[in-house]
Amino acid sequence: MKKLIAAALVAGMVFSVSSMSLYAEEGGPLVMATSAEFPPYEYHDGDEIVGIDAEVAAAIADELGMTLEIQDMAFDSILAAVQSGKADMGVAGMTVTEDRLKNVNFTDTYAEAAQVIIVQEGSEIAGPDDLEGKVVGVQLGTTGDLYCDDVNPRSVERYNKGFEAVQALLQGKIDAVVIDREPAKVFVEENEGLEIVDEAFTEEEYAIAIAKDNTELVDKVNDALATFKESGELQEIIDKYI
Ligand code: GLN
């Protein structure tokens, strides 16, 4: 009996030690996983990763008395990093979806978003239905990728980075790109001969992804977001970039 209790105590200790090291604590680093190829939410400026998400995350870290650490990776690796505890939160213009909610928690939303269609100027594609039978480029693992099959395209070409899909469109290799509205605006501005179709592909909302069992951090981040919404700080950050 004594042995059993001792074993249970050790198991309990191991559990608390591992949960301590798995999740961020005040004074320590708050690790954000992102994919910094997504202007104006996250992108490289010299050696730095900047953008709306980077600034919102830094403000959250500050509010929690922590230091923000950014880990840059492919978009489709972010949820795994969050689930495994490699990162505390995924902040990457990430759309809340039913499927993702099965694997992670999402905080309250902090931005309205949409998937839009980019085409070459003068294209006959005027809305999502016109993508039927067309070759459509998307960024791997994004909602554009997940929802594209619904419109029966001829094929879906998947790229690691959004701008690679835009490059393929410029070269005439694909007929359209489905991607988030704000990065789409940046890509169209930077490249001549492209336009965004008026009718959006989907309407979405962005939130921060956190591990299923780390509800403590979800609550803390929600409190921080509520504070920034009320103080106007969130809007100030958004206005700096959009
Ligand atoms: N909002 C899209 C998604 O969540 C794309 C995000 C991104 O590419 N960073 O799938």
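Ligands are counted one by one from 1 in listed order, and the atoms in each one are counted from 1 as well. Below, all heavy atoms of this structure are taken into account, side chains as well, without hydrogens, waters or symmetry copies.
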Next item on the list: Identify, by atom number and element, the atoms of ligand 1 in contact range of D180, meaning under 4.0 Å from any of its heavy atoms.
Entry: 1 (N), 2 (C), 5 (C)
Check: Can R100 be said to touch ligand 1, with heavy atoms closer than 4.0 Å?
Finding: yes
Next item on the list: Step through the shown structure and confirm whether more than 12 heavy atoms of other residues, nucleotides or ligands are within 6.0 Å of CD on Q171.
Entry: yes
Item checked: Contact atoms of ligand 1, heavy-atom distance to T142 under 4.0 Å -> 5 (C), 8 (O), 10 (O)
Check: Taking atom types as modelled, is there a side-chain donor on T143 or Q115 under 3.5 Å from an acceptor on the other?
Finding: yes
Notebook entry, point to check: Below 3.5 angstrom, do we get any N/O pair linking T95 and ligand 1?
Noted result: yes
Margin query: Parallel, tilted or perpendicular, judged at 30° and 60°: which one describes the rings of Y41 and Y206?
Written below: perpendicular
Next item on the list: Report the C-alpha separation of S35 and E37 in whole Å, then their side-chain angles, then the decisive distance to 0.1 Å, and conclude whether the side-chain hydrogen bond (donor to acceptor under 3.5 Å, both in side chains) test is met.
Entry: CA-CA 6 Å; S35 185; E37 309 284 347; over 6 Å; no
Item checked: For A92, the ligand 1 atoms whose distance to one of its heavy atoms is below 4.0 Å -> 6 (C), 7 (C), 9 (N)
Notebook entry, point to check: Are any of the side-chain nitrogens in K220 or D223 under 4.0 Å away from the carboxylate oxygens of its partner?
Noted result: no
Check: With the threshold set at 4.0 Å, does a side-chain nitrogen-carboxylate oxygen contact exist between E164 and R158?
Finding: no
Notebook entry, point to check: Taking only heavy atoms of M94, which atoms of ligand 1 are found under 4.0 Å from at least one of them?
Noted result: 4 (O)
Next item on the list: Report yes or no: does a heavy atom of Y41 sit under 4.0 Å from some atom of ligand 1?
Entry: no
Notebook entry, point to check: With only distance considered, is G93 within less than 3.5 Å of ligand 1 through an N or O on each side?
Noted result: yes
Notebook entry, point to check: If you count the atoms of ligand 1 from 1 in the order shown, which ones are under 4.0 Å from a heavy atom of Q139?
Noted result: 8 (O)
Notebook entry, point to check: Y206 heavy atoms, cut-off 4.0 Å: which ligand 1 atoms fall inside?
Noted result: 1 (N)
Next item on the list: Please say whether more than 12 non-hydrogen atoms of neighbouring residues, nucleotides or ligands are located less than 6.0 Å from CG in D198.
Entry: no
Notebook entry, point to check: Is there any N or O on E42 that sits under 3.5 Å from an N or O of ligand 1?
Noted result: no
Check: Relative to each other, are the rings of Y43 and Y241 parallel, tilted or perpendicular (30° and 60° limits)?
Finding: perpendicular
